[in-house]
Protein chains: 2
Amino acid sequence: MNLQKRSTEELILEAAQAVFLEKGLAGARMQEIADRAGINKALLHYYFRSKEKLSALIIERAIGVILPRVMAVLDTDMELFDKIRLVVDTYLTFVSRNSFLPLFIINEVNRNPQFFFRTVVEKERTHLDKFRRQVEEAVAQGRIHPINPAQLFMNVMSLVIFPFLGKPIIQVGLGLSDEDFKREMEHRRTEVAEFVIRAIRA
Amino acid sequence: MNLQKRSTEELILEAAQAVFLEKGLAGARMQEIADRAGINKALLHYYFRSKEKLSALIIERAIGVILPRVMAVLDTDMELFDKIRLVVDTYLTFVSRNSFLPLFIINEVNRNPQFFFRTVVEKERTHLDKFRRQVEEAVAQGRIHPINPAQLFMNVMSLVIFPFLGKPIIQVGLGLSDEDFKREMEHRRTEVAEFVIRAIRA
DNA sequence: CCTAAATTTAACCAAGTAGTTAAACTTTCT
DNA sequence: AGAAAGTTTAACTACTTGGTTAAATTTAGG
């Protein structure tokens, strides 16, 4: 009971995550989660009493996995341009492997902003202050064009995340196959960072 | 019956749009749409037989409103940098006034890509070829850094749209009030274009 | 005024869904 | 072996939701 303890509970969480990401909170069915986990509905409720509690766990898990990665990078003492390169690379790699995650998070955060607020903000906001000071310093030294750190951060996030949210639009609009899209995202890993750096370098 | 003919049908469509944008397709209730339109469910079904047909209309309407605006700008013979300035300004203005639209469209397009494909692609893709050639020409003339036109287009879309999708995250992460956020978006109207231009200008 | 369309009322159906329950069976630990 | 936890089965509830129906009422046009 201890070697495989991870089994059922983890199985359910994985199944739940998959279903929630694919169908969204409202569209997800407890029955489907049970089916995918290879168990039955009764057991599902036996482990996680309600859909609400289960979904709350999944959301926390999802946000808790992606956010610290970015913050960890922003929090280092790295030189600004290198930091931009690293954060783009880190984020892009992660999102490539979890391409449904951004849409799910964006959705739930929009549906219920306070939840995100409570879960994350207090701990993580401070990290951004460091980045902010770093940018302001670089501006003061004339190393980069004057830019509001908030805007710069928004720009980096936008360039990294959006293509995955708009994947179908982009694929269809630009006529890219799945392979093509993957290749473009591969290019972006270096392109985006250099794009940003050219945009701000004095 | 002719002066006010727009009345009920339009009322329903407006109510439906509002509810769909707020709750998403799965989360929207026919009853709530009826309530907001100030009518009853029976009449709602009397006008639009099913939820599916109604939602299809709303989606077409939403996409049909936002897409042509961008394409129209991309299709002009304007000089590249000016075109970037104009497309950013046009898009940002529109999205500011319809801030729920991007999330809705992104969602439905991800949920059902073929629908978007059938609705839009055939007519609109050609416009992008013009932009593509224009960028390639500018690269060839050495006026701008070498960049894949697809990547450039993705970057512009990302920078314009993403902040509205991630509004709650950004607000919370950067500690912005609604007023602050609005002001930042106002800044972006000029900032984003110049950001992109600096990034590509040779 | 008369008719047809628009609209309401209210009850209803069928399907789906979250969640419960109780009994039986199985596995695991001691 | 025996108890406890894990798991299944299957039926059931309470509720929501999309959609229907039929009759009554209101509105507008010819």
Side-chain angles (χ1 to χ4, degrees), chain A residues 1-62 100 104 107-108 110-112 115, chain B residues 1-62 100 103-104 107-108 111-112 115:
Chain A
M1 188 262 243
N2 225 344
L3 265 178
Q4 292 290 43
K5 187 185 178 185
R6 171 190 165 277
S7 203
T8 303
E9 195 167 324
E10 248 332 292
L11 237 69
I12 294 177
L13 284 174
E14 279 164 28
Q17 168 139 336
V19 176
F20 279 132
L21 294 210
E22 281 173 36
K23 308 291 173 71
L25 279 202
R29 302 289 153 229
M30 294 297 269
Q31 185 62 58
E32 188 176 352
I33 294 173
D35 290 346
R36 288 218 213 170
I39 58 163
N40 52 352
K41 220 176 43 169
L43 193 60
L44 176 55
H45 281 91
Y46 174 81
Y47 272 91
F48 306 89
R49 300 199 77 85
S50 69
K51 184 183 180 181
E52 212 181 319
K53 283 179 182 161
L54 180 55
S55 66
L57 275 183
I58 298 297
I59 295 176
E60 274 185 61
R61 239 171 66 126
F100 280 124
F104 178 71
N107 255 304
E108 298 323 317
N110 271 281
R111 211 71 82 202
N112 185 358
F115 185 89
Chain B
M1 188 261 243
N2 225 345
L3 265 177
Q4 293 289 44
K5 187 182 176 186
R6 172 189 166 277
S7 202
T8 303
E9 195 166 324
E10 247 334 290
L11 237 69
I12 294 177
L13 284 174
E14 280 164 28
Q17 168 138 338
V19 176
F20 280 132
L21 293 210
E22 280 174 37
K23 308 290 174 73
L25 279 203
R29 303 289 153 228
M30 294 297 270
Q31 186 61 58
E32 187 176 351
I33 294 174
D35 290 346
R36 287 218 214 170
I39 59 165
N40 52 352
K41 219 174 45 166
L43 193 60
L44 176 55
H45 281 91
Y46 174 82
Y47 274 91
F48 305 89
R49 300 198 78 83
S50 70
K51 184 182 180 182
E52 211 181 319
K53 282 179 182 160
L54 180 55
S55 66
L57 275 183
I58 298 296
I59 295 175
E60 273 184 61
R61 240 171 66 125
F100 279 124
L103 184 59
F104 178 72
N107 255 304
E108 299 324 317
R111 210 71 83 202
N112 185 359
F115 184 89

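Below, chain A is the first sequence line, B the second, and so on; all start at residue 1. Worth saying up front: this structure is predicted, and the values here are computed from it rather than measured.
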If you compare all heavy atoms of A:Phe104 against all heavy atoms of A:Phe20, which two are closest, and at what distance to 0.1 Å? CD1-O, 3.7 Å
Report yes if at least one side-chain N or O of A:Thr8 is closer than 4.0 Å to OP1 or OP2 of D:dG6; otherwise report no. no
Quick one: label A:Phe48 by what it contacts on the DNA or RNA (base, sugar-phosphate, nothing), any heavy atom closer than 4.0 Å. nothing
Enumerate the side-chain hydrogen bond (donor to acceptor under 3.5 Å, both in side chains) contacts for residues 41-57 of chain B, please, sequence neighbours excluded, ordered by first and then second residue. none
For the backbone of B:Glu22 and the side chain of A:Arg111, can you confirm whether one donor and one acceptor N or O come within less than 3.5 Å of each other? yes
Length of the line joining B:Ile39:CD1 and C:dT8:C1', which is rounded to integer Å: 11 Å
Minimum heavy-atom separation for A:Gln17 to A:Ile58, with atom names? N-CD1, 3.8 Å
With salt bridge (Lys or Arg N to Asp or Glu O under 4.0 Å) as the criterion, how do B:Glu108 and B:Arg61 come out once you've worked through the C-alpha distance, each side chain's angles and the decisive distance to 0.1 Å? CA-CA 13 Å; B:Glu108 299 324 317; B:Arg61 240 171 66 125; over 6 Å; no
Quick one: is C:dA6 close enough that its OP1 or OP2 comes under 4.0 Å of any side-chain N or O from B:Tyr46? yes
By side chain to side chain contact (heavy atoms under 4.5 Å, CB included) - contacts of A:Asp35 (at least two apart): A:Gln31
Produce a footprint string for nucleotides 9-22 of chain D: one letter per nucleotide, 5' end first; B if the base is under 4.0 Å from any protein heavy atom, S if only the sugar-phosphate is, - if neither. BB------SBBBB-
